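Just below is one structure, and these are the notes that go with it.
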Amino acid sequence: ALVAGRPTLVEKPLSDRVGNLAALLSEAERRGVMVAVAQNLRFHPAVNAAKTMIAEGAIGQPVAAVAIGVSHLPGWRPGKDYRVNYAADPKSGGAIFDWIHEIDLMAYLFGPFEGVAAAAGRSGALEISAEDTATMALRHHSGVASTVMVSYAGRSAKRTTDIFGTDGRLEIDISARRLRTWNRDSLETVRDFGGRHGDDYEAELSDFLAAATGKARPRCAAMEALGILRQVLRLRALAGLPAAESSSENMND
């Protein structure tokens with residue numbers, strides 16, 4: 001697609017390795033070919049309302065955040081054996097790659113980060129060789145410390161992000177499409193955005209079409225996604241997970 005000069009939308013994660021991606025994307029930029037990555041949480045209304053509030057100082061200075069994503073992998077695609085799909089591959093699947101949305105969300109809200117610690121494991125409940133649960137610690141250049149805990153071995157689904165600031169707190173509920181806020185006096189406000197999950201994908205495609213026709217920059221450009229991927233690979237290495245390639249390039253940049 002890039003050789004043909006076509007604007008390109010890549011599903012997440014951008015890759016399971018770095019390889020020659022940097023050179024490839026640099027060449028795309030040189031040719032003026034737009035490449036975006038599908039990170040649909042960037043189009044969630046509660047996420048963007050929280051991002052605006054943070055920028056406006058509604059909770060003061062953000063200092064910490066905790067993102068939790070839990071669901072049950074066998075229920076994702078009923079009628080298909082989850083044990084033989086990509087999610088079960090310990091090199092290219094697993095909870096960290098699958099839940100890269102939550103890691104990208106932290107970067108979207110608080111800017112670039114470094115992965116500083118990670119732990120991952122297999123519960124044994126899913127009969128797969130990939131990790132089904134992981135906890136990761138991120139240090140953002142903005143000074144925010146964030147934690148991401150993900151699992152697809154839990155029966156009771158949860159997908160929330162708590163953001164703590166010097167003057168208040170925000171809670172994004174992805175599934176309920178809701179934003180709860182507390183000010184410095186602990187007064188709570190709730191905003192329900194309604195709509196459906198598919199709305200975010202439609203917004204993502206509209207964003208891509210606008211970028212493809214030169215009317216806007218993509219919400220998640222490939223070069224930004226590459227920086228996040230490098231840190232995701234670093235987190236996987238910190239957790240002792242296998243790499244898809246033998247080169248150490250993906251964790252040292």
Side-chain angles (χ1 to χ4, degrees), residues 12 36-70 99-118 135-150 158-195 197 199-204 206-208 210-211 216-232 235:
K12 65 82 188 172
V37 176
Q39 291 288 0
N40 66 296
L41 288 189
R42 295 186 178 218
F43 301 90
H44 193 287
V47 167
N48 283 302
K51 185 175 175 68
T52 298
M53 293 184 71
I54 293 169
E56 293 175 347
I59 60 169
Q61 178 184 347
V63 294
V66 179
I68 298 175
V70 178
W99 288 97
I100 196 173
H101 286 296
E102 263 57 29
I103 302 171
D104 178 78
L105 176 58
M106 296 294 97
Y108 183 54
L109 293 176
F110 309 115
F113 66 89
E114 295 176 354
V116 295
T135 300
M136 296 155 282
L138 319 179
R139 181 175 56 227
H140 295 265
H141 300 174
S142 61
V144 175
S146 67
T147 302
V148 177
M149 191 283 281
V150 295
K158 180 181 177 68
R159 200 171 190 186
T160 59
T161 296
D162 277 288
I163 302 161
F164 302 88
T166 54
D167 284 329
R169 177 164 72 94
L170 301 174
E171 181 194 73
I172 304 168
D173 190 321
I174 297 296
S175 301
R177 304 179 73 78
R178 177 181 301 130
L179 177 64
R180 300 171 67 193
T181 66
W182 291 264
N183 65 14
R184 64 188 308 165
D185 299 317
S186 297
L187 180 65
E188 179 182 358
T189 303
V190 179
R191 294 173 63 186
D192 287 301
F193 292 90
H197 188 50
D199 294 344
D200 307 338
Y201 289 98
E202 292 179 8
E204 181 178 67
S206 295
D207 177 81
F208 172 68
R217 290 179 57 82
R219 191 76 56 91
C220 185
M223 276 297 192
E224 180 185 1
L226 175 57
I228 294 170
L229 174 64
R230 290 184 191 275
Q231 293 304 317
V232 168
L235 288 164

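The figures here come from the full heavy-atom set of this structure, side chains too, leaving out hydrogens, waters and symmetry mates. Since the model is a prediction, treat every value here as computed from it, not as a measurement. Count residues from 1 along the sequence.
Within the 4.5 Å cutoff, the side chain of L235 has heavy atoms near those of the L138 side chain. A 4.5 Å side-chain heavy-atom check between S175 and T160 finds every atom pair outside the cut-off. Between V66 and M149, every side-chain heavy-atom pair lies at or beyond the 4.5 Å cut-off. Here the side chains of M136 and V150 are in contact, with some heavy-atom distance below 4.5 Å. Put simply, the side chain of Q39 does not reach to within 4.5 Å of the side chain of I228, judged on heavy atoms. By the 4.5 Å heavy-atom criterion applied to side chains, K12 and D104 are not counted as neighbours. Between R219 and N48, some side-chain heavy-atom pair lies under the 4.5 Å cut-off. In this structure the side chain of L41 reaches within 4.5 angstrom of the side chain of I174, judged on heavy atoms.
Atom CG of residue D167 and atom CZ of residue R184 lie 4.5 Å apart, to the nearest 0.5 angstrom. Taken from CG in L229 to CD1 in I103, the straight-line distance is 10.0 Å, to the nearest 0.5 Å. The CZ atom of F164 sits 9.5 Å away from atom CD1 of I59, with the distance rounded to the nearest 0.5 Å. Taken to the nearest 0.5 Å, the OG1 atom of T189 stands 9.5 Å off from the CG atom of L179.
When all heavy atoms are compared, the tightest approach of L109 to V47 is CD2-O, 4.1 Å. The minimum heavy-atom distance between F110 and I54, with the atom names listed, is CE2-CD1, 4.0 Å. Taking both residues in full, the closest heavy atoms of T161 and M106 are given as CG2-CE, 3.5 Å, listed atom of the first, atom of the second, then distance. Heavy-atom minimum distance, F193 versus A46: CE1-CA, 3.6 Å. Closest approach of V144 and P62 over heavy atoms only: CG2-O, 3.4 Å. Of all non-hydrogen atoms in A225 and V37, the two that sit nearest each other are CB-CG2, 3.5 Å.
A donor-acceptor pair is defined here as one N or O able to donate and one able to accept, closer than 3.5 Å; such a pair exists between the side chain of N183 and the backbone of D185. Of the possible donor and acceptor atoms, none in the side chain of D192 sits under 3.5 Å from a partner among the backbone N and O of G194. Listed for the K51 side chain is a donor-acceptor partner under 3.5 Å among the backbone atoms of Y108. Side-chain atoms of H140 never come within 3.5 Å of backbone atoms of S142 as a donor-acceptor pair (strictly under, hydrogens ignored).
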(request) Decide side-chain contact (heavy atoms from CB on, under 4.5 Å) for F43 and E202; before the verdict, give the C-alpha distance in whole Å, the side-chain angles of both, and the deciding distance to 0.1 Å. (result) CA-CA 9 Å; F43 301 90; E202 292 179 8; over 6 Å; no
(message) N40 vs H101, test: side-chain contact (heavy atoms from CB on, under 4.5 Å). Steps then yes/no.
(response) CA-CA 8 Å; N40 66 296; H101 286 296; 3.0 Å; yes
(request) List the steps, then state whether side-chain contact (heavy atoms from CB on, under 4.5 Å) holds for I163 with I172. (result) CA-CA 8 Å; I163 302 161; I172 304 168; 4.1 Å; yes
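Using a 4.0 Å cut-off between charged side-chain N and carboxylate O, E224 and R42 make a salt bridge. For R159 and E102, the salt-bridge test passes: some basic side-chain N is under 4.0 Å from an acidic carboxylate O.
Take E188 and apply the salt bridge (charged side-chain N to carboxylate O under 4.0 Å, His left out) test, not counting sequence neighbours, and it matches R180.
Residue pairs meeting the salt bridge (charged side-chain N to carboxylate O under 4.0 Å, His left out) criterion with at least one partner in residues 136-148, sequence neighbours excluded, are E114-R139.
Within a 6.0 Å radius of CD in Q61, other residues, nucleotides and ligands contribute 12 heavy atoms or fewer.
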